[in-house]
Structures are given as C-alpha cells and as structure tokens.
J.: 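Shown below is the structure under consideration.
Only heavy atoms go into these numbers, but all of them, side chains included; no hydrogens, no water, no symmetry mates.
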2 protein chains.
Amino acid sequence: MRISAKADYAVRASAELAAATDGRPVPAEALARAQDVPHRFLEAILSDLRREGIVASRRGANGGYVLARPADRVTVADVVRAVEGPLVFVRDARPSDLEYTGSAASLLHVWVALRVNVRAVLESVTLADLASGTVPDVVRDLTADDGAWVNP
Amino acid sequence: MRISAKADYAVRASAELAAATDGRPVPAEALARAQDVPHRFLEAILSDLRREGIVASRRGANGGYVLARPADRVTVADVVRAVEGPLVFVRDARPSDLEYTGSAASLLHVWVALRVNVRAVLESVTLADLASGTVPDVVRDLTADDGAWVNP
DNA sequence: GAGTTATCCTATCGTTCCGATCGGATTAAA
DNA sequence: TTTAATCCGATCGGAACGATAGGATAACTC
C-alpha cells in the first residue's frame with residue numbers, strides 16, 4: 001500500500017498553491033523550489049492535475065497555476081485520485097468488482113472496510129487545512145496516540 | 001494504494017489453510033485449485049510466507065503447508081506485510097521517516113493517520129475470522145453503510 | 001515586433017516491480 | 001524405487017515509476 005512520489009508531490013504542490021493567497025498564478029518552477037521537487041517532473045504532474053480539473057493554468061509571462069476550486073473544497077483524496085486513480089484497488093480491480101469463494105468469501109468485506117477507512121482520512125483533509133497548518137479533528141484524534149507514530 | 005495480486009493470493013491461501021481443520025499439511029496445488037490461483041506462482045508466494053514465519057512446510061509425500069501459528073493469532077496485516085513489506089509507505093519511506101516543509105508540514109500527520117486507519121482494519125481480522133466466514137465488529141460496522149460499497 | 005516568460009505536448013530513458021513460468025534439486029513417504 | 005511434494009534460482013515480457021529533453025505555443029512587456 002504505497003503512496004507514489006507522484007501523489008506525494010501532487011499534494012505538496014497543491015498545498016503550496018492553496019497557500020498562495022493573492023490570486024496570481026504560481027509558476028511550476030516556484031512550486032518546485034518551494035517543495036524541493038524536480039521541476040520538469042512536477043510540470044508533468046501539474047498537467048495531470050489540470051486535466052482532472054484540480055488546477056487551472058495560464059500560459060506566458062505572469063503565467064502559472066491556480067487552484068481550480070476554493071482550497072477548502074479540494075481534498076487530499078481528490079488530488080491523489082487525480083494522479084493515481086482509485087484510492088484503493090485490489091489486483092487492478094475495485095473492491096466491489098471482486099469475487100471470492102470458499103474460505104476467502106468474507107475477504108471482500110475486509111477490502112471494503114479498508115477503503116472506507118482510507119477515505120475517512122483522505123477525504124477529511126482539505127488543501128485549506130494543509131495551507132493553514134492545521135488538521136481536522138479526525139486526523140488529530142487518530143494521531144494522538146503515541147503508537148500511531150511507531151513503525152511496525 | 002493498491003493491494004497486489006501477490007498479497008491477495010497470499011491472504012486467500014492462508015485463509016484456506018486456516019480452514020483446513022485436520023492438522024495435515026495441504027499441498028500448494030490443492031490451495032491453488034481451491035482459490036483458483038496459478039499454482040507455480042502460489043508456490044513462490046508460499047515460500048515468502050514460510051521465510052516470514054507465517055506458514056510451515058513439509059516436503060515429500062504427504063507434504064504441504066500448515067499455518068505456523070494458530071489461525072486466531074495471524075492477522076491479515078501479518079500476511080500482507082510478509083509479502084508486501086510495510087503496510088503504508090510513501091515514496092519508499094515509512095511515514096515517520098519523512099520530512100515536510102512549508103505548506104506541506106502537516107501532511108505528515110495525514111499519512112500517519114492513514115496508516116493508523118489501515119492498521120485498524122487489517123490488524124483486526126484474523127485468519128480464523130476468514131475461515132469461519134465472520135468478520136470482527138470493526139469491519140461489520142465500517143461496511144454497514146451502503147456508501148461503503150459504492151465506487152468513487 | 002522582438003524578447004522573455006511560461007505552459008504544453010510528445011517522446012524517451014533506465015530501472016524496478018509485477019505476474020507468471022520453468023527446470024531441476026532435494027526431501028520424504030509408501 | 002517410485003511417487004509426491006517442497007525448494008531454489010533463473011528467466012521473461014510487459015508495465016509502471018521517476019525523471020528528463022526538445023521544441024511548439026501562448027501571453028505579457030517594452
């Protein structure tokens with residue numbers, strides 16, 4: 001269950017955009033420097049985000065990127081989906097499309113529950129949250145316990 | 001966030017093993033047929049599971065595989081970790097090892113919360129649960145809502 | 001219009017992972 | 001000795017991943 005570099009970069013760049021208060025477009029290179037991401041690579045990612053309606057772009061001098069929607073209306077899940085596709089999938093199929101037999105029958109419930117819990121986190125956090133440096137209560141509560149920060 | 005075929009197969013084969021009540025080892029081929037998985041591929045997977053201490057094996061006639069621990073002491077998370085590594089990782093690093101700056105600072109909390117929620121599901125389900133066709137309350141509750149079963 | 005600043009598009013590249021298969025060595029029971 | 005299994009290492013085609021490059025296009029400034 002990995003979050004790709006692409007998704008990570010995409011969220012970070014979007015957060016940076018959300019933090020740019022004045023309405024002026026931010027060039028890809030400025031975002032790349034702010035988040036220390038290869039700027040050619042980031043450009044490709046921003047292209048995806050534009051195609052998916054997360055950001056809007058303006059070309060030429062004084063050009064760059066802007067969020068296509070208000071920052072509090074774009075969730076981390078939106079951004080991840082834009083570059084990675086469905087949040088959770090098993091063997092390239094969505095959980096709901098799987099069929100299990102025999103002793104694995106209830107495994108389907110497990111994957112569906114997993115997706116619910118993933119959504120609960122990623123859909124609760126907006127780019128406005130990230131830009132303001134705060135996190136919603138759900139996230140705060142989940143990370144409150146020390147065990148949350150410990151590796152396996 | 002994908003669950004690989006390998007992990008899916010691994011969990012299904014383990015569940016099948018948990019369902020084999022008599023203590024006799026089950027040959028890889030029987031597991032493969034029961035769960036409709038390429039049996040040469042499954043053999044490689046079972047090899048991983050053995051190295052990770054999830055299953056034990058016996059060679060020769062009447063050989064096959066057995067769970068190394070009681071079925072109610074092996075979780076789905078254990079099996080997934082055995083074949084895929086850490087449950088959640090971002091850009092090949094564990095969340096706790098990441099560093100974020102600027103507007104992405106609180107993104108770390110998001111990934112950690114994500115991992116907590118993933119663990120909450122996968123560590124709650126044991127192979128005994130799967131074998132008996134039941135799911136723990138956590139999973140039942142999460143999948144109770146209709147929205148859980150709907151795609152994006 | 002010339003120069004400059006950007007996005008945009010397409011192509012490529014090397015590496016790794018993924019899903020899967022094969023041949024043969026080894027072990028154990030009948 | 002035969003038969004039934006695991007075990008080990010190699011290989012394979014294809015896809016994905018992370019990243020880079022060249023040039024076309026657009027828009028603003030002077």
J.: Would you mind classifying the nucleic acid contact of A:E43 as base, sugar-phosphate or nothing, using non-hydrogen atoms under 4.0 angstrom?
T.: base
J.: Mark yes or no for whether B:Q35, through its side chain, and A:T101, through its backbone, hold a donor-acceptor pair below 3.5 Å.
T.: yes
J.: Between C:dT5 and A:N62, is there an OP1 or OP2 to side-chain N/O distance shorter than 4.0 Å?
T.: no
J.: Quick check: on DNA chain C, is the nucleotide nearest B:A5 upstream (toward 5') of the one nearest A:G63, or the reverse? Name the residue that is more 5'.
T.: A:G63
J.: Is A:E16 paired with A:R12 through a side-chain N to carboxylate O contact shorter than 4.0 Å?
T.: no
J.: Looking across every strand, which nucleic acid part, if any, lies under 4.0 Å from B:A28 by heavy atom: base, sugar-phosphate, or nothing?
T.: sugar-phosphate
J.: Could you state the atom-to-atom distance from CZ of A:R24 to C1' of C:dT7 in whole Å?
T.: 18 Å
J.: Pairs under 3.5 angstrom only: tabulate donor-acceptor contacts from the side chains of residues 128-143 of chain B to other protein residues two or more places apart or in another chain.
T.:
unit_1	atom_1	unit_2	atom_2	d
B:D129	OD2	B:T126	N	2.9
B:D129	OD2	B:T126	OG1	3.2
B:S132	OG	B:A128	O	3.2
B:S132	OG	B:D129	O	3.0
B:S132	OG	B:T134	OG1	3.0
B:D137	OD1	B:R140	NH2	3.1
B:T143	OG1	B:V139	O	2.8
B:T143	OG1	B:R140	O	3.2

J.: First and last nucleotide of DNA chain D touching chain B, 5' to 3', heavy-atom cut-off 4.0 Å?
T.: D:dA4 to D:dC8
J.: Can you check the B:Y9 OH to C:dC18 P distance for me, whole Å?
T.: 14 Å
J.: Would you say the side-chain atoms of B:D48 pair up with the backbone N or O of B:V83, donor to acceptor, closer than 3.5 Å?
T.: no
J.: Between A:G60 and B:L46, which is nearer to the 5' end of DNA chain D once each is assigned its nearest nucleotide?
T.: B:L46
J.: Check every atom of C:dG23, C:dA6, C:dC8 against the side chain of B:R40 and return the nucleotide holding the closest atom.
T.: C:dG23
J.: Roughly, in whole Å, what's the span from CZ in A:R59 to C1' in C:dT5?
T.: 12 Å
J.: Examine distances only and state if a side-chain atom of A:E123 and a backbone atom of A:D78 form a donor-acceptor pair shorter than 3.5 Å.
T.: no
J.: Can you check the A:D92 CG to C:dC17 P distance for me, whole Å?
T.: 17 Å
J.: Would you check if B:L114 and B:M1 make a side-chain contact, meaning some heavy-atom pair closer than 4.5 Å?
T.: yes
J.: Are A:R115 and A:P86 side-chain neighbours, meaning at least one heavy-atom pair lies under 4.5 Å?
T.: no
J.: Counting any heavy atom closer than 4.0 Å, what does A:S57 reach on the DNA or RNA strands: base, sugar-phosphate only, or nothing?
T.: sugar-phosphate
J.: If the cut-off is 4.0 Å, is B:R58 near the phosphate of C:dA28, judged by side-chain N/O to OP1 or OP2?
T.: no
J.: Considering just the side-chain nitrogens and oxygens of B:R2, establish if one lies under 4.0 Å of OP1 or OP2 belonging to C:dC17.
T.: no
J.: Between A:I3 and B:R51, which residue's closest nucleotide on DNA chain D lies nearer the 5′ terminus?
T.: B:R51
